[in-house]
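Below: the structure, in structure tokens.
Remember, predicted model here, so these are calculated numbers, not experimental data. Residue numbers start from 1 in every chain, and the chains themselves are labelled A, B, ... in the order their sequence lines are given, proteins ahead of strands. Computed from heavy atoms alone, side chains included, the values below leave out hydrogens, waters and symmetry copies.
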Amino acid sequence: MTMLDIRYVREHLDEVIERLNKRGEDFSHLRDLVEADEKRRSHIAQIESLKAKRNEISKKIGAYKREGKDSAPLLKEVESGKAQIRELEEKLDELENHIKNTLLNTPNLPHKDIPHGKDDSENVELRKWGEKTSFDFEVKPHWDIAAALDILDFDRAAKMAASRFVVYKDLGARLERALINFMMDMHANEHGYREILLPYIVNETSMMATGQFPKFTDDAFKLTDERGLYLNPTAEVPGINMHRDEILSAEDLPIQYVAFTTAFRQEAGSAGRDTRGIIRQHQFNKVELIKFATPDTSYDELEKMLENSENVLKALNLPYRVVEICSGDLGFAMAKTYDIEVYIPSYDTYREIGSISNAEDFQARRGNIRYRPQKGSKPELLHTLNGSGLAVGRTVVAILENYQQKDGSVKVPEALVPYMNTDVIK
RNA sequence: GGAGGGGUACCCAAGAGGCUGAAGGGGCUGGCUUGGAAAGCUAGUAGGGCGUUAACGCGUCGCAGGGGUUCAAAUCCCCUCCCCUCCGCCA
């Protein structure tokens, strides 16, 4: 389970380092891997030839015994190889662990065409949809709107759990539920995704496969259970792991799932950011899109997925923009990512509400997810994609703020009225 | 939580240290037969990882997963996971 293919690293070392360095870190330590890999292969060759010899003699011993011949000389002959094999295997083990650990901690290669930049300030806006909502009164942030309507309760959530949790009440609770159903219906019925409902707890192997681990263990909520289980940080984890260690048929691809899950994140390192309201919580709901595609179609599928996500905001008539993530801001497992940012009037800025990514074969390699291009042909790694469709809590924020009215009530977006059974939250 | 039973290839299933390079069925693919089909007969059917090679190949590892014993492990020992049955508890 590695991330980059060691053979690719070996054969394109300079290119690999150069591309990874665009993420803003120095990856020249990968040069060591080539030497380690060479040693690894020569150890394998030695071990295997010793084993071939041993197997041959062992077979002879069996034959001798059956025929009643004396096998003592053969036993002597095989003796010396035993220690040698053991010694070489120990060294091989060390080499393989070193290579594996290095690669597990190495992020994906950014796609060649994505913008080069140091951090999120250099992300590139691709397009805007809708006009920034304008108001003829002073806009309020969503926490004030919610307080007046008594639909979000932070104090009681802190009492029963901790800070960065929230209790939704009345039409606030219903709005969250309505959005989940609305999004699920759209993706399942109109966009052709298969609806699944996933476990909210995942194991370490799954976290490893999608790339959360080993680098970002601090972001996860670990359970005390001795099996090494974690609260799901995003449906991407159980979703992609649906097909871990499987070989899929080409004719079944692309496979596309839509899943609602609750996501849990420590938000370590975010202390003091977005502390008011529900922009950043330890627990939030999300509708997630997951795809398994052949390598030659994955970028087309990425565009479709982006469109599917955008359709949610269009249907809700919320102004947004699409941003292409630059190399310095790109997630660990991803080769290319688009963010969808929704307009938030109280911030007078666009805030992330969804993220749509192609991991190419990075997660597939770590999770051993393959497909057979043709009947009878060798299995190959496929490409995995995931995208928000969308983050539900942040959609609530966007609706409360963009649809707020002078009297403190909030209009319900037309598309949501059937799900809300009311056209206004007051 | 308690007591048992299991996991072998696409499926079922035998094997219980060396003649297993895993039997035998089913299924699948082909052939014979047929006007065509079914049935019958017959042949083929271990995938995958890794190493090596220009390639054909060769080697190595594979019987849930991981360790160990042994010259040699599906088979013996240890650990883990998963499934099933019964009891208890529970939405």
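- In this structure, CG of D245(A) is placed 16 Å from P of A64(B), rounded to the nearest angstrom.
- The distance between atom CG of L92(A) and atom P of C50(B), rounded to the nearest whole Å, is 14 Å.
- The separation between N368(A) atom CG and G49(B) atom C1' is 9 Å, rounded to whole Å.
- Nucleotide C56(B) carries a syn base; the chi torsion (O4'-C1'-N9-C4 or O4'-C1'-N1-C2) is within 90° of 0.
- Taking atom CD of E48(A) as the reference point, atom P of G62(B) lies 11 Å away to the nearest angstrom.
- With both ends at atom C1', the span from C28(B) to A46(B) equals 15 Å, rounded to whole Å.
- Using a 4.0 Å cut-off, no side-chain N or O of R41(A) falls inside it from OP1 or OP2 of U53(B).
- Of the two residues near RNA chain B, G62(A) and I47(A), the one whose nearest nucleotide lies more 5' is G62(A).
- Here the separation of G1(B) from G88(B), taken at their C1' atoms, is 7 Å to the nearest Å.
- In this structure, the NZ atom of K51(A) is 7 Å from the C1' atom of C61(B), given to the nearest Å.
- Judged by distance alone, the side chain of N108(A) and the main-chain N or O of A333(A) form a donor-acceptor pair under 3.5 Å.
- Rounded to whole Å, the C1' atom of C50(B) lies 48 Å from the corresponding atom of A91(B).
- Distance NZ (K59(A)) to C1' (A73(B)): 15 Å, rounded to an integer number of Å.
- Between G21(B) and C78(B), the distance separating the two C1' atoms is 30 Å to the nearest Å.
- In this structure, G51(B) is classed as anti because its glycosidic torsion departs from zero by more than 90°.
- A donor-acceptor pair shorter than 3.5 Å cannot be found between the side chains of T210(A) and E236(A).
- Look at the C1' atom in both A43(B) and G35(B): the space between them is 26 Å, to the nearest Å.
- Side-chain N/O atoms of R86(A) include one lying less than 4.0 angstrom from OP1 or OP2 on U69(B).
- Remark: R7(A) does not engage E11(A) in a salt bridge, criterion side-chain N to carboxylate O under 4.0 Å.
- In terms of position on RNA chain B, the residue among A52(A) and A45(A) whose nearest nucleotide sits closer to the 5' end is A45(A).
- Partner of D274(A) under the side chain to side chain donor-acceptor pair (under 3.5 Å) criterion, out of R351(A), Q281(A), R164(A): R351(A) alone.
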Please assess E25(A) against R23(A) for the test salt bridge (charged side-chain N to carboxylate O under 4.0 Å, His left out), listing each intermediate value before the final yes or no. CA-CA 6 Å; E25(A) 253 180 88; R23(A) 285 178 173 271; over 6 Å; no
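- Under 4.0 angstrom from either OP1 or OP2 of C71(B) there lies at least one side-chain N or O belonging to K82(A).
- Per the geometry, CD1 belonging to I61(A) stands 9 Å off C1' belonging to G18(B), to the nearest Å.
- The side chain of R7(A) contributes an N or O atom lying less than 4.0 Å from OP1 or OP2 of G51(B).
- Side chain of S388(A) to main chain of S355(A): a donor-acceptor pair is present (N/O by atom type, distance under 3.5 Å, no hydrogens or angles).
- Using atom P as the reference point in both C12(B) and A3(B), the two lie 29 Å apart (nearest Å).
- The shortest distance between the side-chain N/O atoms of N55(A) and the OP1/OP2 oxygens of G21(B) is not below 4.0 Å.
- Straight-line distance between the C1' atoms of A14(B) and G6(B): roughly 16 Å, to the nearest whole Å.
- For G48(B), one of the phosphate oxygens OP1 or OP2 lies less than 4.0 angstrom from a side-chain nitrogen or oxygen of R372(A).
- A sub-4.0 Å separation between OP1 or OP2 of C81(B) and a side-chain N or O of R227(A) is absent.
- Rounded to an integer number of Å, the gap from CD1 of I44(A) to P of G51(B) is 6 Å.
- Remark: R370(A) is in phosphate contact with G49(B), judged by side-chain N or O atoms under 4.0 Å from OP1 or OP2.
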